[in-house]
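Values below: all heavy atoms of this structure, side chains included; hydrogens, waters and symmetry mates excluded. For clarity, every value in this text was computed on a predicted model and none was experimentally measured. When a ligand or atom number is given, it counts from 1 through the structure's own listing order.
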Amino acid sequence: MTSDFALSSPLVPRVSEKDAKALQYIEEITRNAATFQETVLAEILSRNANSEYLQRYKLGGATDRETFKLKLPLITYEDIKPDIQRMADGDRSAVLLASPISEFLKSSGTSSGEQKLFPSTQEELDRRHFQISLLRAVMNRCVPDLDKGKGLYFLFVRPETRTPGGLLVRPASNSMYKSDHFKTRLHDYTSPIEAILCADSFQSMYTHMLCGLLEREQVLRLGALFASGLLRAMRFLQIHWQALANDIETGTLNQKITDPSIRDCMARILKPRPELAELIRMECSEENWEGIIARIWPNTKYLDAIATGSMAQYIHLLDYYSGSLPIASMLYSSSECFFGLNLNPMCKTSEASYTIMPNMAYFEFLLHDPGSPASTSDFQPPKLVDLVDVEVGKEYEPIITNYTGLYRYKVGDILRVAGFHNASPHFHFVRRKDALLSIDYDKTDEADLQKAVENASRLLREFDTRILEYTSYAEKKTNPGHHVIYWEILVKDPANSPTDDVLKQCCLAMEESLDSAYREARVVDKTIGPLEIRLVKTGTFEELMDYAISRGASINQYKVARCVSSTSILKLLDSRVISKHFSPSLPHWTT
Ligand code: AMP
């Protein structure tokens with residue numbers, strides 16, 4: 001096992017004392033991962049020994065790993081939903097954990113569409129903040145002089161709600177941006193806190209962009225939580241650059257920005273700057289937006305946004321806008337748990353991996369091997385290993401026991417071990433576990449679907465056409481059922497747009513790249529009909545997001561669902577369809 005960074009190496013840029021301490025801390029916890037894991041588990045179990053949950057499983061105050069593994073089952077959200085509901089309704093007794101909870105963190109729940117609530121405590125939020133503060137030291141080690149400029153970050157909050165029992169419900173990002181810890185980092189950002197905390201996403205985005213343009217030369221990095229957020233910002237600029245340039249020219253704020261705290265704060269910042277307005281007009285009125293980020297923000301050293309998992313499909317578009325600046329996928333975290341940091345953030349995005357922080361929770365790993373009977377049979381005991389015992393190259397689902405009431409909780413992500421940093425493994429994020437599409441015995445997951453879309457998109461290259469967004473639906477009303485893939489495409493030259501024939505070939509290309517179970521069902525059993533592509537109008541996926549946000553989704557966490565089943569969403573999509581195309585023949589199949 002090797003350490004990826006040596007503090008004493010002559011190749012490492014000089015680090016500040018604060019950064020050196022942070023890096024030293026990462027070294028220490030990853031070197032002693034096994035000890036940290038044992039301590040964390042014992043602490044969680046002893047603190048919560050009197051909780052109803054641990055008493056239900058008759059743990060009897062035990063804090064050792066063996067008893068814990070013997071007595072507690074692996075669970076999913078469904079298993080603790082009634083407990084969480086009681087807590088949400090106002091039961092303040094120690095249902096899942098002994099400490100009083102400060103709020104519920106709301107997950108995006110993208111896999112099942114259901115929004116899940118997870119109890120949280122002030123202590124847990126502090127713990128997460130501390131981990132996030134380590135990221136800065138990791139980044140400073142790779143990119144020098146970041147303190148000489150600022151970050152243009154597109155960060156958003158969403159309205160908060162309360163449970164019937166009066167507890168706050170919000171995404172983890174809200175808690176972060178509203179915390180005192182965050183305030184100490186604000187000098188690093190071009191946006192004022194008023195822009196971040198404004199719940200109206202248009203006003204918030206407008207102000208972020210305006211401030212970022214005003215300080216264009218200071219901007220050293222552009223960021224959002226996820227890659228999709230950065231692309232949304234670029235599309236926003238494409239639509240609103242004229243209004244933004246007017247504000248900059250005249251030094252007055254667009255009347256559409258009505259939030260009084262933003263208006264107050266921008267009144268202090270905005271001054272007429274006609275040359276800057278001219279420059280923005282010149283750059284943005286160009287047909288070609290390739291490399292626009294590097295042209296408007298010439299000192300940008302990298303993009304900071306998660307671009308792994310389902311976000312990987314946005315890499316090529318980000319490359320297009322940025323002129324291929326590095327994309328740092330810095331962390332792997334969820335409402336349930338903060339998992340880890342990317343200790344080598346300037347690596348190729350496709351190689352990004354996250355080192356698990358062994359002080360955040362107790363981690364077990366369930367071997368994910370679709371080919372093995374052990375993972376498909378209910379009669380075999382699941383193959384579980386501890387954090388330090390995972391094997392390089394193998395895939396696992398993380399199972400967490402955290403400080404906030406989850407015991408042996410199945411996270412539903414699939415990770416592949418990339419290697420070890422000291423004794424702590426680092427993982428590639430592979431995908432969400434749940435299969436997306438299934439008509440018969442076939443199961444198409446997110447990664448398969450993405451690969452199929454990528455393959456089909458090659459046929460669009462000669463038409464200078466890109467797939468901007470996609471989602472899918474298992475249409476079972478037809479007989480046989482078939483896969484419907486909704487595409488929103490960007491055609492550069494309408495005179496050379498892909499024909500019906502080409503789009504039919506795209507359907508077939510997708511079928512060709514789906515797995516053998518799909519092709520067997522399609523060719524041999526004939527239980528699946530020809531795959532269908534439905535092209536939708538430009539802007540449909542923006543509408544889909546606005547719809548999700550109006551229904552309570554968070555703009556930060558929002559990810560396009562790669563499969564939809566809700567009638568209202570399907571209705572929206574179908575009302576925007578401009579053409580339909582079916583696979584013209586059967587894909588290949590051999591035994
Ligand atoms: P949420 O609880 O809504 O914040 O969603 C958490 C989920 O987002 C995780 O379980 C992952 O499926 C996904 N996610 C978080 N971080 C990453 C990452 N670095 N790469 C890919 N997917 C991620």
**From Ser335, Cys337, Ala352 - option closest to atom 1 (P) of ligand 1 by heavy atom** =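 That would be Ser335.
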**From the candidates Val411, Ile414, Asp413, the one that places a heavy atom nearest atom 11 (C) of ligand 1** =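 Ranked by closest heavy atom to atom 11 (C) of ligand 1, first place is Asp413.
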**Asked** Between Arg221 and Met139, does a side chain to side chain contact (heavy atoms under 4.5 Å, CB included) hold up when you go through it step by step?
**Response** CA-CA 11 Å; Arg221 52 198 205 281; Met139 208 61 216; 5.8 Å; no
**Message:** I need the Thr355 OG1 to Phe420 CZ distance, nearest 0.5 Å.
**Reply:**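 These two atoms lie 10.5 Å from each other.
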**Message:** Can you name the atoms of ligand 1, numbered from 1 with element, that are less than 4.0 Å from a heavy atom of Ser333?
**Reply:**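 Near Ser333, meaning under 4.0 Å from one of its heavy atoms, ligand 1 has 6 (C), 15 (C), 16 (N).
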**Asked** Just wondering, do Leu303 and Ser322 contact through their side chains at under 4.5 Å, heavy atoms?
**Response**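 Of all side-chain heavy-atom pairs linking Leu303 with Ser322, at least one is under 4.5 Å.
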**Asked** Any idea which heavy atoms bring Ser353 and His426 closest together, and the distance?
**Response**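 Where Ser353 meets His426 most closely, the heavy atoms are OG-ND1, 2.7 Å.
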**Request:** Would you kindly specify which portion of Leu105 sits under 4.0 Å from ligand 1, judged on non-hydrogen atoms: side chain, backbone, both or neither?
**Result:**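 The answer is neither; Leu105 stays 4.0 Å or more away.
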**Asked** At a non-hydrogen distance cut-off of under 4.0 Å, which region of Phe429 contacts ligand 1 (side chain, backbone, both, or neither)?
**Response**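 Only the side chain of Phe429 comes within reach of ligand 1.
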**Asked** For Lys394, does the NZ atom have more than 12 heavy-atom neighbours from other residues, nucleotides or ligands under 6.0 Å away?
**Response**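 For Lys394, atom NZ is not crowded (no more than 12 foreign heavy atoms under 6.0 Å).
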**Prompt:** Please walk me through it: do Asp413 and Tyr332 pass side chain to side chain contact (heavy atoms under 4.5 Å, CB included)?
**Reply:** CA-CA 11 Å; Asp413 290 335; Tyr332 168 38; 2.6 Å; yes
**Min heavy-atom dist Tyr354 to ligand 1 below 4.0 Å** =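 Per 4.0 Å heavy-atom rule, Tyr354 contacts ligand 1.
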**Request:** Could you tell me if any non-hydrogen atom of Leu331 lies under 4.0 Å from any atom of ligand 1?
**Result:**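 It does, in that a heavy atom of Leu331 comes within the 4.0 Å cut-off of ligand 1.
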